[in-house]
Amino acid sequence: MRLSRYFLPVLKENPADAQIASHRFMLRAGMIKQQQAGIYSWLPLGFRVLRKLENIVHEEQVRAGHIPMLMPTLQPADLWRESGRYDDYGEEMLRIKDRHGREMLYGPTNEEMITDIFRAHVNSYKDLPLTLYHIQWKFRDEIRPRFGVMRGREFFMKDGYNFDIDYEHAIHAYNRHMVSYLRTYERMGLQAIPMRADSGPIGGDDTHEFLVLAETGESEVFYDSAITDLKLGDRVIDYDDWDEVAGICREWTTPYARTDETHDEAVFAAEVPEERRRSARGIEVGQIFYFGTKYSEPMGAMVTTESGERVPVHMGSHGIGVSRLVGAIIEANHDENGIIWPEGVTPFHAGIVNLRQGDAATDAACEALYAGLKARGLEALYDDREERAGAKFATMDLIGLPWRITVGPRGLAKGVVELTSRRSGESEEMSAEAAIERLAEIYAPHRGTPVF
RNA sequence: CGGGGCGUAGCGCAGCCUGGUAGCGCGCCUGUUUUGGGUACAGGAGGUCGUGAGUUCGAAUCUCGCCGCCCCGACCA
């Protein structure tokens with residue numbers, strides 16, 4: 001993408017309304033524009049990141065054997081009356097009437113709707129296990145939205161629902177989700193720690209929240225520092241292998257890690273040596289629940305077992321806050337100059353800065369570089385504006401592309417360009433070809449592939 | 001919802017107390033200049049002062065209503 005033809009409305013000054021780094025940088029980098037309290041337009045740069053995250057989530061869900069679909073944002077009130085949540089959910093649910101006076105709501109979650117779909121089409125244990133998910137906009141009419149997309153009212157979320165014949169199968173689904181989530185966050189360059197949590201309005205017995213450690217987190221967390229050394233890495237996982245999946249969950253849930261809601265100081269002290277006890281703040285970026293027959297029973301989602309018995313299906317639900325993650329990633333990856341995107345989620349793989357726009361040789365070198373990166377499947381943002389070097393560097397730092405290639409007459413005279421890491425600030429001179437080669441290597445592990 | 005604050009040019013703000021129909025910085029446009037970290041100079045465009053009513057000869061400024069936004073708290077993916 002040539003910056004001169006892109007839409008990147010960056011702000012030089014800090015917007016008054018933005019309190020925390022992610023909100024400030026998202027506004028300054030031209031990623032979002034607020035339309036109402038807690039409701040944002042996603043401008044091109046922000047949209048690219050959102051799509052990258054969405055794609056990673058899809059890839060990891062499909063890898064775990066879960067099936068993508070799409071449910072509507074508007075739901076009929078009657079469905080929620082069946083589960084009893086129409087009255088329970090309270091003011092947080094946005095209620096609407098259509099022209100005929102029919103009561104509807106902008107869905108804050110989809111347990112009722114997915115259960116309705118299930119009961120309409122599934123009757124036998126032979127169709128289980130089944131896990132369906134979608135990534136869709138949700139709405140929760142927060143009393144007080146704040147922190148930009150971290151706590152908006154409208155938000156983009158992956159929510160998945162598993163249907164299983166009994167408790168044991170449902171727990172495997174739960175474990176499978178935990179592992180798939182660990183891998184999802186890891187690919188996004190995040191360390192998200194599963195912590196034992198409270199179930200809240202979704203209800204249920206087993207539940208873990210995933211928290212990203214960040215100073216601006218809304219929850220206080222307590223954990224054994226050993227947990228932050230755990231890495232999934234590139235181990236191959238068979239999601240149908242109950243023992244393997246449970247083993248990975250054990251690895252991550254054995255070290256103490258809880259939010260203030262479930263924290264127990266006595267247990268913390270007994271289980272964790274003092275030098276490994278940590279307290280910090282965390283941003284919740286996902287949660288998994290097992291809730292058994294909470295919805296299937298009142299809504300009549302029954303299946304026939306092998307022995308001919310009709311039983312309510314065991315369910316769980318699992319969410320990842322995709323739009324919130326954009327903010328969480330920035331909270332965990334920024335400095336005073338702007339964002340520092342992890343390679344897995346960056347909106348462009350590299351930035352090209354032309355230091356002498358209009359100079360035939362520099363222009364040609366930049367064009368060749370741009371084409372060369374494209375040929376290797378890498379997306380560059382080429383700053384071809386008539387701007388001074390300082391302005392171009394400042395923009396690149398702000399929008400946080402992890403790699404920058406600087407092209408100027410001085411370097412070209414020596415036959416080199418400069419490759420700079422946004423994270424370390426270190427630069428290295430090399431030929432344009434070598435820079436392309438290097439970037440191709442760097443991004444080799446971060447290539448997404450369309451999954452469905 | 002309780003408490004606090006704000007709404008003046010695209011963004012950040014001053015002006016309001018002590019009414020006389022707007023100003024600064026950044027950004028934008030033009031020209032010159034500069035050219036490896038937001039260059040300098042000159043010229044220029046751009047404002048229903050959130051909105052409605054009231055007071056007044058006269059309201060951005062005073063009074064009341066409404067709308068919107070932000071912060072703290074309770075609440076929350």
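The sequence lines fix the lettering, A, B, ..., with proteins before strands; numbering per chain opens at 1.
- Using cut-offs of 30° and 60° for the angle between ring planes, the A/Phe210 and A/Tyr185 rings count as tilted.
- B/C62 and B/G7: their P atoms are spaced 11 Å apart (whole Å).
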N/O donor to acceptor pairs below 3.5 angstrom from side-chain atoms of residues 44-53 of chain A, sequence neighbours left out:
residue : atom : partner  : partner atom : Å
A/Arg48 : NE   : A/Pro347 : O            : 2.8
A/Arg48 : NH2  : A/Pro347 : O            : 3.4
A/Arg48 : NH2  : A/Glu379 : OE1          : 3.1
A/Arg48 : NH2  : A/Glu379 : OE2          : 2.9
A/Arg51 : NH1  : A/Glu54  : OE1          : 2.3
A/Lys52 : NZ   : A/Thr346 : O            : 2.9

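- In this structure, B/G58 makes no Watson-Crick or G-U wobble pair, since no nucleotide meets both defining distances under 3.5 angstrom.
- Proximity of residues 332-368 of chain A to RNA chain B (heavy atom under 4.0 angstrom from any strand atom) is restricted to A/Leu355, A/Arg356.
- Distances shown here put every side-chain N or O of A/Arg151 at or beyond 4.0 Å from the OP1 or OP2 atom of B/C76.
- Comparing A/Gly390 and A/Glu154 along RNA chain B, the residue whose closest nucleotide (by nearest heavy atom) sits nearer the 5' end is A/Gly390.
- As judged by a 4.0 angstrom heavy-atom cut-off over every strand, A/Ala391 is placed among the base-contacting residues.
- Pair assignment for B/G52: B/C64, on the basis of Watson-Crick or G-U wobble contacts that are both within less than 3.5 Å.
- Closest-nucleotide positions on RNA chain B for A/Thr395 and A/Arg324 were compared, and the one nearer the 5' end corresponds to A/Thr395.
- Dashed line: the shortest gap from a side-chain N or O of A/Lys12 to OP1 or OP2 of B/G27 is under 4.0 Å.
- In this structure, A/Glu386 places its CD atom 13 Å from P of B/C28, rounding to the nearest Å.
- The side chain of A/Glu13 sits closest to B/G12 out of B/G36, B/C75, B/G12.
- The two residues A/Ile39 and A/Phe139 make their nearest non-hydrogen contact at CD1-CE1, 3.8 Å.
- Other residues, nucleotides and ligands contribute at most 12 non-hydrogen atoms within 6.0 Å of the CZ atom of A/Arg438.
- Heavy-atom neighbours of A/Glu215 CD from other residues, nucleotides or ligands within 6.0 Å: at or below the threshold of 12.
- Across all strands shown, B/G47 forms no Watson-Crick or G-U wobble pair with both key distances under 3.5 Å.
- A/Gly408 comes within 4.0 angstrom of a base, heavy atoms only.
- The separation of B/U8 from B/A14, taken at their P atoms, amounts to 11 Å, rounded to a whole angstrom.
- Among the atoms of the strands shown, base atoms are found under 4.0 Å from some heavy atom of A/Thr406.
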Practice prompt. Take nucleotides 65-73 of chain B nucleotide by nucleotide from the 5' end and write B, S or -, depending on whether a protein heavy atom sits under 4.0 Å from the base, only from the sugar-phosphate, or from neither.
Written response: ----SSBBB
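- Shown here for A/Ile96 and A/Leu74, the closest heavy-atom pair between the two residues is CD1-CD2, 3.6 Å.
- Between the side chains of A/Gln136 and A/Lys158, no donor-acceptor pair of N or O atoms lies under 3.5 Å.
- Note that CD1 of A/Ile330 is 11.0 Å distant from OG1 of A/Thr216, once rounded to the nearest 0.5 Å.
- Within residues 415-429 of chain A, the residues approached by RNA chain B to less than 4.0 Å at the level of any non-hydrogen atom are A/Glu418, in residue-number order.
- Looking at A/Asn354 and A/Asp383, their side chains never bring a donor and an acceptor atom within 3.5 Å of each other.
- Of the nucleotides present, none pairs with B/C75 by Watson-Crick or G-U wobble criteria with both distances under 3.5 Å.
- Between B/U39, B/G37, B/G38, one nucleotide has an atom nearer to the side chain of A/Arg388 than all others, and that is B/U39.
- Side-chain atoms of A/Asn14 and base atoms of B/G12 include no donor and acceptor less than 3.5 Å apart.
- With both ends at atom P, the span from B/C24 to B/C64 equals 32 Å, rounded to whole Å.
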Report all side-chain donor-acceptor pairs from residues 401-411 of chain A shorter than 3.5 Å, counting only partners two or more places apart or in another chain.
residue  : atom : partner  : partner atom : Å
A/Trp403 : NE1  : A/Glu343 : OE2          : 2.7
A/Arg404 : NE   : A/Thr406 : OG1          : 3.1

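- At a cut-off of 3.5 angstrom, the base of B/G37 holds at least one donor-acceptor pair with the side chain of A/Arg404.
- With a cut-off of 3.5 Å on both Watson-Crick or G-U wobble distances, the partner of B/A40 is given as B/U32.
- Side-chain contact, A/His177 with A/Asn162: no donor N or O sits under 3.5 Å from an acceptor N or O.
- Using atom C1' as the reference point in both B/U61 and B/U55, the two lie 13 Å apart (nearest Å).
- The cationic atom of A/Arg81 (NZ for Lys, CZ for Arg) lies less than 6.0 Å from the six-membered ring centre of A/Tyr86 and within 45° of the ring axis.
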Would you tabulate the nitrogen or oxygen pairs shorter than 3.5 Å linking the protein to nucleotides 4-9 of chain B?
none

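- Relative orientation of the A/Tyr290 and A/Tyr167 rings is perpendicular, given thresholds of 30° and 60° on the angle between their planes.
- Counting all heavy atoms, side chain and backbone alike, A/Arg119 lies closest to A/Met299 at NH1-O, 2.7 Å.
- The CZ atom of A/Phe222 sits 13.5 Å away from the CZ atom of A/Arg278 when rounded to the nearest 0.5 Å.
- The partner of B/G23 is B/C13, by the rule that a Watson-Crick or G-U pair needs both atom distances under 3.5 Å.
- One N or O on the side chain of A/Tyr161 and one on the backbone of A/Asn110 form a donor-acceptor pair closer than 3.5 Å.
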